[in-house]
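Report on one structure; see the data block that follows.
So you know, we letter chains A, B, ... as the sequences are listed, proteins then strands, and number each from 1.
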Amino acid sequence: MSELRETRLEKGKALAALGQGPYALRFQPSHSTAVLQRDHTDLANGEERELAVAVAGRVMTRRVMGKLAFFTLADESGPIQLYIEKATLQAAQPDNPEVFAQLTSLVDAGDLIGVQGSLKRTDRGELSVKVKGWSMLSKSLQPLPDKWHGLADVETRYRQRYLDLIVSPQTRETFRRRALAVSTMRRWLDGKGFLEIETPVLQSVPGGADARPFETHHNALDLPLTLRIATELHLKRLVVGGFERVYELGRIFRNEGVSTRHNPEFTSVEIYQAYADYTDMMELTERLIAEVCQQVCGGTRISYQGTEIELTPPWRRATMHSLVQEATGLDFTTFTSREQAAGAMEALGLETPALADSVGRLLVEAFEQRVEASLIQPTFVLDYPVENSPLARAHRSKPGLVERFELFIVGRETANAFSELIDPVDQRQRLQAQQQRRAAGDLEAQGVDEDFLQALEVGMPPTGGLGIGIDRLVMLLTDSASIRDVIAFPLLRPEAKTSQRPEAESPS
RNA sequence: GGGUCGCUAGCUCAGCGGUAGAGCACUCGGCUUUUAACCGAUUGGUCCUGAGUUCGAAUCUCAGGCGACCCA
């Protein structure tokens, strides 16, 4: 409503006429509200304390009753009540007979103000700043969300996250925890001698994962580029270059749909350790995630959406074959042809899409359809078929499989790791097979990155590699049901509003 | 991609074929212990958009937009 905005602009002009504009240059708080709340619990109801305090924050609620007013002021640390007594304020500011009226009429809910005064705990037990002076720091021209219902509209929470943050302590807590999770992870890795190195986001050959990339263009070089879908291939080049422990924690872009578990840009950490294999990476995964959980949640036993999750290592390890057999009764090691496996699956009502063109790919289908969602407690799923894992090393003892694991928690893939494929001849064949699939219509299949193959030919040490989805991990640690709750500004379709989009578009 | 549900005042919602409503917020008046303050008065609408059915549509139908959830 623009009427409210007009009124508040007028109040801003009134403030300017009084010599203080609606937008201050600075203010020096003496305390955060949380420190005041913490340090003065001994102040009894109705008592006052002659401590000079200055606090700044946003006015959340106003209750004006004649010659006395109560405001709630919130800074980043939390709220504190302002006790605004006309007589007290007037005595402190004898030159301005209108000071109380100005404070109560020119300050609206949503404004940022600073106040000076002393402490008083009211008769009802609320620690308050007894106000003796005030200044407008920033005039708000927009209403706050409903003080009782808060921000009920999920869409507004995502589109106008600043409003969500102002009124929802839980949202603030989620992003604090996310920051703590990320910093803990970096600190832990740095402490283990891992070096964080940034690799290109703009790439001419997307690789390192099965996913469709975003396409863009470099003008000066007239060069088509894609945004990275993984950091894998560049981090491996660094291992070839002699860095034995490297990682990158950063943004990945995949041109896919959005859901409660997917956002087109998300954050991953990829970690590479020379002379290690995937069993080493399992231990690393357990220790790293347990440490992050300990720091963020204060323990390794947590509750997610009403389910207890035990993250204290060690975690269950099971092969994909055994899990599928457990869930379906099918022993995929006995199938010698796709037709045989597909027939057995269809007899159980499982789908067998055409793109799953081998026994191995059908095994993965069966796993996704019947096992994945049931892996609630942390579980390492081991030994994937080679067809689905073009960058993982062939298994040391099981033909047709690779040394790979994925970590599942609450039914979601949370980490993915290999004994890395370092044989350049094998790697070339695998990537060529991928490219053939791509030519055959699999838009997620990878291409051949010649420069990467060249690096492997120079010689890469045996290496264990690991990727962890930060957003999904943070969802777990913050008990968030949707990935959008842990991304400050998730991708949404732009609001249509007035501008109609032109016709003659999208043959769909 | 498919299905279900939602979209009405700034916010939260009711109204479901016959004059567009409530609470809160805003504005004005009153009030020195409130904390969803209270009491009184006023103000505030593209009922998501478009087309159709109808004497009459927020309400019924169709198409579209945006969102949520479920499924793939």
Q: Check A:Arg254 against A:Ala209 and note the closest heavy-atom contact, atom names and distance.
A: NH2-CB, 3.3 Å

Q.
Using whole Å, what does the distance between atom C1' of nucleotide B:G10 and atom CZ of A:Arg8 come to?
A. 10 Å

Q | Interatomic distance at C1', B:G56 relative to B:C70, whole Å | A | 39 Å

Q.
Counting only side-chain heavy atoms from C-beta out, which of B:C69, B:G67, B:U32 sits nearest to A:Tyr83?
A. B:U32

Q: Under a 3.5 Å limit for both distances, which nucleotide forms a Watson-Crick or G-U wobble pair with B:C7, could you say?
A: B:G65

Q: Would you mind listing every side chain to side chain donor-acceptor pair (under 3.5 Å) that reaches into residues 357-372 of chain A, with sequence neighbours excluded?
A: A:Asp357-A:Arg361, A:Asp357-A:Arg437, A:Ser358-A:Glu387, A:Arg361-A:Asn388, A:Glu365-A:Gln369

Q: Ignoring backbone atoms, test whether A:Arg63 places a side-chain nitrogen or oxygen under 4.0 Å from the OP1 or OP2 oxygen of B:A36.
A: no

(Q) I need the CZ-P distance between A:Arg62 and B:U33, as an integer number of Å. (A) 18 Å

Q | Euclidean distance, atom CD of residue A:Glu365 to atom P of B:A72 [Å, nearest integer] | A | 11 Å

Q.
Please pick, from B:U33, B:C66, B:A37, the nucleotide with the shortest atom-to-atom distance to any side-chain atom of A:Thr61.
A. B:A37

Q | Under 3.5 Å on both distances, the Watson-Crick or G-U partner of B:A20 | A | none

Q.
Can you tell me which nucleotide in B:U32, B:G67, B:U27 comes closest to the side chain of A:Lys67?
A. B:U32

Q: Tell me yes or no: between the side chains of A:Arg5 and A:Thr7, is some donor less than 3.5 Å from an acceptor?
A: no

(Q) What's the gap between B:G15 and B:U35 when it is taken at their C1' atoms, as a whole Å value? (A) 33 Å

Q.
If you assign each of A:Leu144 and A:Lys120 to its closest nucleotide in RNA chain B, which residue comes earlier from the 5' end?
A. A:Leu144

Q. Of all the choices, B:A72, B:C31, B:C69, which nucleotide is nearest to the side chain of A:Glu351 once you look at every atom?
A. B:A72

(Q) Can you check the distance between B:U53 and B:G17, where both ends of the measurement are the C1' atom (answer in whole Å)? (A) 12 Å

(Q) Please classify the nucleic acid contact of A:Thr72 as base, sugar-phosphate, or nothing, using heavy-atom distances under 4.0 Å. (A) nothing

Q.
Please give the distance between the C1' atoms of B:U54 and B:U12 as a whole number of Å.
A. 33 Å

(Q) Rounded to whole Å, how long is the line connecting atom CG of A:Leu350 with atom C1' of B:A72? (A) 14 Å

Q) Across all strands shown, which nucleotide pairs with B:C60 by Watson-Crick or G-U wobble geometry, both distances under 3.5 Å? A) B:G52

Q. How many Å lie between CE on A:Met65 and P on B:G40, as a whole number?
A. 16 Å

(Q) Rounded to whole Å, please give me the gap between NZ in A:Lys86 and C1' in B:U33. (A) 18 Å

Q: Could you work out which one of B:C26, B:U33, B:G67 sits closest to the side chain of A:Arg159?
A: B:G67

(Q) Taking only the P atom of each, what is the distance from B:G65 to B:U49 in whole angstrom? (A) 15 Å

(Q) Evaluate A:Asp485 against A:Tyr158 for side-chain hydrogen bond (donor to acceptor under 3.5 Å, both in side chains), listing each step before the verdict. (A) CA-CA 8 Å; A:Asp485 293 326; A:Tyr158 299 142; 2.9 Å; yes

Q. When you match A:Arg261 and A:Ser105 each to their closest nucleotide on RNA chain B, which lands nearer the 5' end?
A. A:Ser105

Q. Taking the same atom, P, in B:A58 and in B:G21, what whole-Å distance lies between them?
A. 13 Å

Q. What interatomic distance, in whole Å, is found between P of B:G44 and the corresponding atom of B:A20?
A. 15 Å

Q. Where the side chain of A:Val64 is concerned, which of B:G67, B:C31, B:C26 is the nearest nucleotide?
A. B:C31

Q. Which listed nucleotide (B:C69, B:U35, B:U32) is nearest to the side chain of A:Ala87?
A. B:U32

**Q.** Length of the CG-P vector between A:Asp164 and B:G67, whole Å
**A.** 17 Å

Q: Check salt bridge (Lys or Arg N to Asp or Glu O under 4.0 Å) between A:Asp479 and all other residues, then give those that pass, not counting sequence neighbours.
A: none

(Q) Rounded to whole Å, how long is the line connecting atom CD1 of A:Ile166 with atom P of B:G10? (A) 19 Å

Q) Does A:Tyr83 have A:Lys130 sitting over its ring (NZ/CZ under 6.0 Å from centre, angle to axis within 45°)? A) no

Q.
Please confirm whether the shortest side-chain N or O distance from A:Lys11 to OP1 or OP2 of B:U27 is below 4.0 Å.
A. yes

Q. Considering only the C1' atoms, how many Å lie between B:C13 and B:C71, rounded to the nearest integer?
A. 30 Å

Q: Test the A:Arg404-A:Phe418 pair against the cation-pi criterion, namely NZ or CZ under 6.0 angstrom from the six-membered ring centroid and within 45° of the ring axis.
A: no

